[in-house]
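As the structure is a prediction and not an experimental result, all values here were calculated from the model. One is the number of the first residue; the rest follow in order along the sequence.
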Amino acid sequence: MKITKANGKAEYALIENLKKRAGEADEKIVDIVRNIIKGVKENGDEAVREYTVRFDGALPKKSVVEKEELTAYLEQVDEDFKAALINAKNNIYDFHLRQLQQSWMTTQENGIIMGQRIRGLKRVGIYVPGGTAAYPSSVLMNAVPAKIAGVEEIIMVTPPAKNGAPDPNIMAAAAVAGVDRVFIVGGAQAVAALAYGTEKIPKVDKIVGPGNIFVATAKKLLYGVVDIDMVAGPSEILIVADKTAEPAFLAADLMSQAEHDVLASAILLTTSSEVARVTLHEIEKQIKYLERQTIIEQSLESFGEIIVCETLEQAIEFANELAPEHLELCVSEPLKYIGKVDNAGSVFLGNWSPEPLGDYYAGPNHVLPTSGTARFFSPLSVDSFIKKSSFIYYPSAELRKVKDDIIKLAETEGLTAHANSIKVRFK
């Protein structure tokens, strides 16, 4: 991991390097996923079983777990883990409950009524990876806001382990989060089954949750058939630090994201050359004791960097340009700068608010925009699981007052049938 001095060019070259890693999926993968989608669309459960055997080696012992069966998994997991799950769920619930919108209606003295109706989607599918990338926290982050939004049914899909059974920690999280049914199937075939529906797996309105390149490609190809949360890229962390920051903390936080994937990016912007130097030393010291050392080393070498900036304002400007998934402000007065951060998925303020606090526990969602899309995308939220309809009521006398304006606008656009729809009412 190198140290670079900001000069208006070097730091922006880094952005170009990061853009390259978020390239389009390999055409071979796209072709494979297209065929899987086509197979599931045409042959339903038969195709799902065939692809499961082909990619996972065998069919699961049990293909579906109903809601009443999920609670049994709470007895299979560590008691401390169960308690941590419940505490995290409560924090996530409390934060997202504040996002809930209400339907509204206005009435005027002239009899005009207008409003907006808000309700939850009918059925949502949550994809949860299994194996080495089993993340129970993702179950909470996806299911809890959906429940608050009023989603009628939450369907979860997750691949089986090598023993044919689902990961018990994931299933325990599903029980805590209130998931309604779990189908033990993964991969692109699970995404296709949720999008089109099969004899056993119901069709959903939206698919959320992380997955490998095949899952991500399937979600992207099926967008339009079904709604999706986002096409997530590799994980990212950008830390802005001044001379008061603790290098040991900075090193640990950088590596906490680098361990996700060799394509993950971990960047430190600091106004202190000394902090930069000591942080690099701390990385070398701490990495020796971490299980995913090889992944971290590759990530930091390819997409990690420490950049020394002249001012914090310069660092914030660069942060807004990069629009990172996670942004830590490890500075003496973090609240002073929060109003200047325009582009970031989630912002962590101060030296005692590390990124894993948000990943697991604090309450804000950890499903965040990546690859610079925080410029225009938002984190997963209750809003992600609702739909809105507007409604209008006009008495005849009020329509008469505005008919000429509507007719003029319609005829100017050349839509005479639109104009006639108004005219015919006043002949």
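Under a 4.0 Å N-O distance rule, the pair E317/K340 does not qualify as a salt bridge. By the 4.0 Å N-to-carboxylate-O rule, D180 lies close enough to K67 to be salt-bridged with it. Between K219 and D229, at least one side-chain nitrogen of the basic residue sits less than 4.0 Å from a carboxylate oxygen of the acidic one, meeting the salt-bridge criterion. Salt bridge annotation for K5-E310: absent, with no cationic side-chain nitrogen under 4.0 angstrom from a carboxylate oxygen. Salt-bridge annotation for E46 and R49: absent, with no side-chain N of the basic residue lying under 4.0 Å from a carboxylate O of the acidic one. A salt bridge does not link K122 to E152: none of the charged side-chain nitrogens sits closer than 4.0 Å to a carboxylate oxygen.
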Q) side chain to side chain donor-acceptor pair (under 3.5 Å) between D383 and Q99: does it pass, once the steps are laid out? A) CA-CA 7 Å; D383 288 349; Q99 298 175 341; over 6 Å; no

**Q.** side chain to side chain contact (heavy atoms under 4.5 Å, CB included) assessment of K220 paired with T217
**A.** CA-CA 5 Å; K220 187 173 183 179; T217 302; 5.6 Å; no

Q.
Could you go through E305 and T4, starting from their C-alpha distance and side-chain angles, then the distance that decides it, and tell me whether this counts as side chain to side chain donor-acceptor pair (under 3.5 Å)?
A. CA-CA 7 Å; E305 197 159 337; T4 302; 2.6 Å; yes

**Q.** Derivation of the side chain to side chain contact (heavy atoms under 4.5 Å, CB included) call for E328 and L238
**A.** CA-CA 6 Å; E328 288 188 8; L238 176 65; over 6 Å; no

Q) Should F348 and L327 be marked as a side chain to side chain contact (heavy atoms under 4.5 Å, CB included) after you check the CA-CA gap, both sets of side-chain angles, and the distance that decides it? A) CA-CA 6 Å; F348 301 80; L327 173 64; 5.9 Å; no

Q.
I'd like to know whether M114 forms a side chain to side chain contact (heavy atoms under 4.5 Å, CB included) with S390, so could you lay out the CA-CA distance, the side-chain angles of the two residues, the decisive distance to 0.1 Å, and finally the verdict.
A. CA-CA 7 Å; M114 285 184 288; S390 57; over 6 Å; no

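Minimum interatomic distance between L250 and A245 (heavy atoms only, all atoms of both residues): CD1-CB, 3.9 Å. Scanning both residues, S346 and L368, for their nearest heavy atoms gives CB-CD1, 3.8 Å. Nearest heavy-atom pair, A134 versus D167, reported as atom, atom and distance to 0.1 Å: CB-OD2, 3.7 Å. For D45 against I201, the heavy-atom pair with the smallest separation is OD1-N, 4.3 Å. Closest heavy-atom contact between I184 and K62: CG1-O, 3.2 Å. Of all heavy-atom pairs between H96 and P364, the closest is CE1-C, 4.2 Å.
In this structure, V176 and L74 have side chains that are in contact, with non-hydrogen atoms separated by less than 4.5 Å. Using a 4.5 Å heavy-atom threshold, the side chains of R119 and K387 count as touching. The shortest distance between side-chain heavy atoms of P60 and T52 falls below 4.5 Å. Between V208 and F385, the closest side-chain pair of non-hydrogen atoms falls below 4.5 Å. Side-chain contact check for V182 versus V157: every heavy-atom pair is 4.5 Å or farther apart. Side chains of V48 and F183 form no contact here, defined as non-hydrogen atoms less than 4.5 Å apart. In this structure, I237 and L268 have side chains that are not in contact, with every pair of non-hydrogen atoms separated by 4.5 Å or more. When side chains are defined from C-beta on, L322 counts as touching I267, because their heavy atoms get closer than 4.5 Å.
Atom-to-atom distance recorded for L290:CG and T294:OG1 is 11.0 Å, nearest 0.5 angstrom. Rounding to the nearest 0.5 Å places CD of E259 at 9.0 Å from CD of E291. Rounded to the nearest 0.5 angstrom, Y135 OH and Y360 OH are separated by 7.5 Å. Distance check: S381 OG to Q101 CD gives 8.5 Å after rounding to the nearest 0.5 Å. Rounded to the nearest 0.5 Å, atoms CD1 (I92) and CG (D94) are 11.0 Å apart. For the atom pair N351 CG and L329 CG, the distance stands at 10.5 Å (nearest 0.5 Å).
For the side chain to side chain donor-acceptor pair (under 3.5 Å) with E325, the lone residue among S371, S235, S265 that qualifies is S235. Tested against E153, the residues K203, K206, K147, R123 include a single salt bridge (charged side-chain N to carboxylate O under 4.0 Å, His left out) partner, R123. Of the listed residues (V240, V331, V347), just one forms a side chain to side chain contact (heavy atoms under 4.5 Å, CB included) with Y337, and that residue is V331. For the side chain to side chain contact (heavy atoms under 4.5 Å, CB included) with P247, the lone residue among L280, T279, I283 that qualifies is T279.
Within a 6.0 Å sphere centred on OH of Y73, heavy atoms belonging to other residues, nucleotides or ligands number more than 12. Within a 6.0 Å radius of OH in Y289, no more than 12 heavy atoms belonging to other residues, nucleotides or ligands are found. Atom CD of E66 sits in a crowded spot, with more than 12 heavy atoms from other residues, nucleotides or ligands closer than 6.0 Å. Shown here is Q293, whose CD atom has more than 12 heavy atoms of other residues, nucleotides or ligands within 6.0 Å. Around CZ of F391, the count of heavy atoms belonging to other residues, nucleotides or ligands within 6.0 Å exceeds 12.
For the residue pair S299 / H260, no side-chain donor-acceptor distance below 3.5 Å is found, with atom types taken as modelled. The closest side-chain donor-acceptor pair between E398 and N110 falls under 3.5 angstrom. Using modelled atom types, one finds no donor on one side chain facing an acceptor on the other under 3.5 Å when comparing Q116 with S389. Side chains of E355 and Q257: a donor on one and an acceptor on the other come within 3.5 Å.
The closest donor-acceptor contact from the side chain of H326 to the backbone of E236 lies under 3.5 Å. Remark: the backbone N or O of P379 is not paired with any side-chain donor or acceptor of N365 at under 3.5 angstrom. No donor-acceptor distance shorter than 3.5 angstrom exists from the side chain of T373 to the backbone of P369, with no hydrogens or angles considered. Between the D227 side chain and the Y223 main chain, no donor and acceptor come within less than 3.5 Å of each other. Checked by atom type and distance alone, the side chain of R277 never pairs as donor or acceptor with a backbone atom of E274 at under 3.5 Å. Using a distance-only test at 3.5 Å, with no hydrogens or angles considered, no donor-acceptor pair links the side chain of S272 to the main chain of K243.
Not counting sequence neighbours, the partners of W352 by the ring-ring contact (aromatic ring centres under 6.0 Å, His included) test are F249. Not counting sequence neighbours, N169 has no partner by the side chain to side chain donor-acceptor pair (under 3.5 Å) test. With sequence neighbours excluded, the residues forming a ring-ring contact (aromatic ring centres under 6.0 Å, His included) with F318 are Y12, listed by chain and number.
For K89 and Y93, the positive end sits near the middle of the six-membered ring, less than 6.0 Å away and at most 45° from its axis.
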